[in-house]
Amino acid sequence: MPSIQLNITWAGVQSPILFKYLNDALKKFGKDVVKIGRGNLKEQKKNSTGNLSKSLSYVIADNKEDIVYIEFDAPNASYWKFVNWGVKGLISSAKAPESPFQFGSGKKQAKGTLRGGIDSWIKNKPITQWQSRKTGRFLSYKQMSSMISREVYLNGIAPSYFYSSAFDRMWKRYRYKIEDAIGEDYAVFTEGKVPSELMINLNI
């Protein structure tokens, strides 16, 4: 997810400022991104256990260089990145051609295994048991999990963009509000006298 960064330079040095108005604006922005993200999950039916929705969160902080930023994450559901951007399959990337993740790449993509995650998904959904075309018998959940796991591993997972689209949508609404809030904080900091050498960089 993108983060918003504010870099302050005044007379060649960085100066600390109390960003009261900016923090208030970022809190509203963060709450709305999380709210829309949860709504997207519900609408797309991608939150069977509720864990992913509950885990969506944001943090507003600053670092040693006096850069104020907001970051979005889901700390108790690290797999949110795969749900959001999808995963390329071992033999096909058609479902998620732009995803930075791929099964069989040798890189650890999430805690636990694909099979374990699908086992949990089947039990918590739950989904109707399938029937074998050959025998007509109902397949066990273990058999279903094996078949789904193989299909997902080979052909990947399509992206949902539930979180990143929420960010993009709310950024369009809040961008100018955030810029105005920065102006308010600078007005307080400089008592209305903004020096010509003041530089403001707002990046996402």
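What's counted below: heavy atoms across the whole structure, side chains too, no hydrogens, waters or symmetry copies. All values derive from a computational prediction rather than experimental measurement.
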Salt bridge (charged side-chain N to carboxylate O under 4.0 Å, His left out) pairs touching residues 33-43, sequence neighbours excluded, are none
Closest heavy-atom contact between [X] and [Y]?
X   : Y   : value
G37 : L56 : C-CD1, 3.9 Å
P97 : K88 : O-CE, 3.3 Å
S99 : G86 : OG-O, 2.5 Å
S55 : N76 : OG-N, 2.8 Å

For K20, the salt bridge (Lys or Arg N to Asp or Glu O under 4.0 Å) test, sequence neighbours excluded, returns D24
Q102 (side chain) donor-acceptor with G89 (main chain) under 3.5 angstrom: yes
Carefully, step by step, assess Y163 and V34 under the rule side-chain contact (heavy atoms from CB on, under 4.5 Å). CA-CA 8 Å; Y163 215 177; V34 169; 4.1 Å; yes
Gap between atom [atom2] of [Y] and atom [atom1] of [X] - 0.5 Å precision:
X    : Y    : atom1 : atom2 : answer
I178 : W171 : CD1   : CH2   : 4.5 Å
S160 : L41  : OG    : CG    : 6.5 Å
N84  : I157 : CG    : CD1   : 12.0 Å
R175 : D180 : CZ    : CG    : 12.0 Å

Qualifying residues under side-chain contact (heavy atoms from CB on, under 4.5 Å), relative to [X], sequence neighbours excluded:
X    : answer
K27  : Y58, I60
S57  : P75
S92  : A94, N155
R173 : D32, M170, K177

Exactly one of V152, L154, I91 clears side chain to side chain contact (heavy atoms under 4.5 Å, CB included) with F103, and that residue is V152
How about [X] and [Y]: do any of their side-chain heavy atoms sit closer than 4.5 Å?
X    : Y    : value
F162 : Q44  : yes
F167 : Y161 : no
V188 : Y21  : yes
W80  : D73  : yes

Passes side-chain contact (heavy atoms from CB on, under 4.5 Å), I70 versus V33? Steps please.
CA-CA 11 Å; I70 181 171; V33 170; over 6 Å; no
N51 meets the side-chain hydrogen bond (donor to acceptor under 3.5 Å, both in side chains) criterion, sequence neighbours left out, with Y79
Fill in: K95, NZ atom: more than 12 neighbouring heavy atoms under 6.0 Å
yes
